[in-house]
Amino acid sequence: MPSTSEEKTEENVPELPEVETVVRELRPRLVGRRITRVEASALPLRQPWSSAWNRAVTGRRVRELSRRGKWIIIQLDRAMHLVIHLGMTGQLTVVAARTPRLPHTHLVFDLDRGTRQLRFRDVRRFGSATLYPNAAELAHSFDESGLGPEPFAVSSKYWCDRLGTTKRCLKAILLDQRVVAGVGNIYADESLFEAELHPARLASDLADLEADRLRVAVKSVLRQAIEQRGSSIRNYVGGSGLKGRYQDEFRVYGRAGDPCPCCRTPIARIRLAGRSTHYCPKCQRSSSK
DNA sequence: ATAGGCGCCTGCTGGC
DNA sequence: TGCCAGCAGGCGCCTA
């Protein structure tokens, strides 16, 4: 295991592959450790950290780390669950306690004898940390928000049903966490390119074959991104100090004006579902084919 | 049901 | 050189 995990100052855009990478890298550094002290900054995150939670988590051991969509789930003793969302700029790391604390560090958990710390840093504070007393409360919370299935568990039938019964465009569908959990702006664009589908196409206008092409493309793009440890646009994510490499594989995202890797047509950039959207006007036709 | 807009928040960039 | 508008966007909320 690498001995240090330095934090970087730049930002990242954590979607499913980045969150998965964080979970994988933190798991061996966190599972089995006991939280011995908690320190919260004065500035609130999206979900303010309650001082009562300090007492609740102190003394508990970390049992397991998992991921659901873009949510990081830290299971503690007696089924208590600490759930973290990285928002836009969140970073979760385990470091030696002596490591200088960077600005915008909002939560610090001392581990074991205080030689190491779990730190949550978030420049824009779009992230959150929430404590659930048991698994049922957590499940209820996910349920209430309507969080959709994991991309790798989406069946062909579910997907075609969901797409067939909505008048929304494909980009909006992919960004909707209730349809499928974990896809954000980058992987939505990359998946639509992979599937050769125009982001503005109406979901209900797709033939089942086209819809399924998108389902498979999402899985494929996410899987490859996870293999590359996610994307580091201006930085990297995670606890091991290794950069993600998937940003080198982007075929449309952030490449407006660049030649399409398939046909050399300049990549277009439009605004869709309130997000900047990148696509190839030739490979991704707006009408069915 | 769905689109669109806003607010949250900070840091960077480009135009003048 | 300096200033400031614009932009980045996940999510929850609001209105039309």
Side-chain angles (χ1 to χ4, degrees), chain A residues 7-20 22 40-49 67-73 83-92 102-107 120-130 140-148 150-151 161-192 199-206 218 222 225 230-237 244 247 250 252-257 269-278:
Chain A
E7 300 165 275
K8 297 293 182 190
T9 56
E10 302 86 358
E11 68 189 57
N12 61 303
V13 187
E15 300 182 30
L16 187 151
E18 290 73 31
V19 174
E20 177 66 26
V22 170
S41 81
L43 292 173
L45 297 164
R46 167 171 285 278
Q47 162 86 51
W49 179 262
R67 175 194 61 74
R68 180 75 175 87
K70 300 175 194 172
W71 300 87
I72 296 167
I73 303 171
V83 176
I84 288 173
H85 197 292
L86 299 178
M88 282 288 296
T89 53
Q91 296 173 324
L92 199 60
L102 292 171
H104 311 293
T105 299
H106 297 296
L107 282 172
F120 182 36
R121 179 168 183 259
D122 187 358
V123 171
R124 288 182 208 167
R125 291 191 278 130
F126 282 12
S128 67
T130 313
H140 179 256
S141 170
F142 282 151
D143 205 43
E144 215 166 37
S145 69
L147 187 63
E150 288 293 311
D161 284 352
R162 282 308 289 259
L163 267 59
T165 54
T166 181
K167 287 190 159 44
R168 303 158 78 192
C169 70
L170 295 178
K171 179 66 182 267
I173 284 291
L174 288 179
L175 292 178
D176 189 343
Q177 302 300 297
R178 296 169 300 181
V179 175
V180 60
V183 180
N185 203 40
I186 293 172
Y187 297 108
D189 284 3
E190 293 298 316
S191 299
L192 286 162
R201 286 274 302 275
L202 293 188
S204 56
D205 285 353
L206 261 61
V218 168
L222 292 177
S231 309
S232 306
I233 295 184
R234 289 170 285 267
N235 79 324
Y236 68 85
V237 294
Q247 69 280 359
F250 287 168
V252 286
Y253 182 83
R255 294 196 177 279
R269 179 169 174 264
I270 57 172
R271 199 145 185 97
L272 209 54
R275 295 288 173 260
S276 88
T277 300
H278 315 73

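The analysis underlying the following values was restricted to heavy atoms, covering all of them including side chains, and did not include hydrogens, waters or symmetry mates. Lettering of chains follows the sequences in order, A, B, ..., and the numbering in each one begins at 1.
Shown here are the side chain to side chain donor-acceptor pair (under 3.5 Å) partners of A:K171, two or more places apart in sequence or in another chain: A:N185, A:D189, A:T277. Not counting sequence neighbours, the partners of A:R46 by the side chain to side chain contact (heavy atoms under 4.5 Å, CB included) test are A:S128. A:S41 pairs by the side chain to side chain contact (heavy atoms under 4.5 Å, CB included) definition with A:L43, A:H106, not counting sequence neighbours. Partners of A:R68 according to the salt bridge (Lys or Arg N to Asp or Glu O under 4.0 Å) rule, which considers only residues two or more places apart in sequence or in another chain, are A:E150. Shown here are the side chain to side chain contact (heavy atoms under 4.5 Å, CB included) partners of A:A203, two or more places apart in sequence or in another chain: A:L163, A:T166, A:L170, A:I173. For A:E20, the side chain to side chain donor-acceptor pair (under 3.5 Å) partners at least two apart in sequence or on another chain are A:R24, A:R67. Partners of A:W49 according to the side chain to side chain donor-acceptor pair (under 3.5 Å) rule, which considers only residues two or more places apart in sequence or in another chain, are A:N54. For A:S141, the side chain to side chain donor-acceptor pair (under 3.5 Å) test picks out A:Y132, with sequence neighbours left out. Evaluation of the ring-ring contact (aromatic ring centres under 6.0 Å, His included) rule for A:H104 yields no partner, not counting sequence neighbours.
Here the C1' atom of nucleotide B:dC8 and the CG atom of A:L45 are 12 Å apart, to the nearest Å. If you take CD1 of A:I173 and C1' of B:dA1, they are 11 Å apart, rounded to a whole angstrom. As rounded to whole Å, 7 Å separates atom P of B:dT10 from atom CG of A:L43. When rounded to the nearest whole Å, the span between CG of A:D122 and C1' of B:dC8 equals 11 Å.
Of the side-chain N and O atoms in A:H104, one or more sit less than 4.0 angstrom from OP1 or OP2 of B:dG11. Side-chain nitrogen and oxygen atoms of A:T89 include none within less than 4.0 Å of the OP1 or OP2 phosphate oxygen of B:dC9.
Rounded to 10°, the helix from B:dT2-C:dA16 to B:dC16-C:dG2 has 60° between the axis fitted to its first five pairs and the one fitted to its last five.
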What nitrogen or oxygen pairs link the protein and nucleotides 2-4 of chain B at under 3.5 Å?
from, atom 1, to, atom 2, distance (Å)
B:dT2, OP1, A:T166, OG1, 2.8
B:dT2, OP1, A:K167, N, 3.0
B:dA3, OP2, A:R168, NE, 3.4

Protein-to-nucleotide contact annotation, 5' to 3' order, nucleotides 10-16 of chain C [B base; S sugar-phosphate only; - none; under 4.0 Å, heavy atom]: BBS----
Apply side chain to side chain donor-acceptor pair (under 3.5 Å) to residues A:S231 and A:Y187 and explain how you reach the verdict. CA-CA 10 Å; A:S231 309; A:Y187 297 108; 2.6 Å; yes
Show your reasoning for whether side-chain contact (heavy atoms from CB on, under 4.5 Å) applies to A:F250 and A:E190. CA-CA 7 Å; A:F250 287 168; A:E190 293 298 316; 3.8 Å; yes
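Within 4.0 Å (heavy atoms only), A:R178 reaches no atom of the nucleic acid at all.
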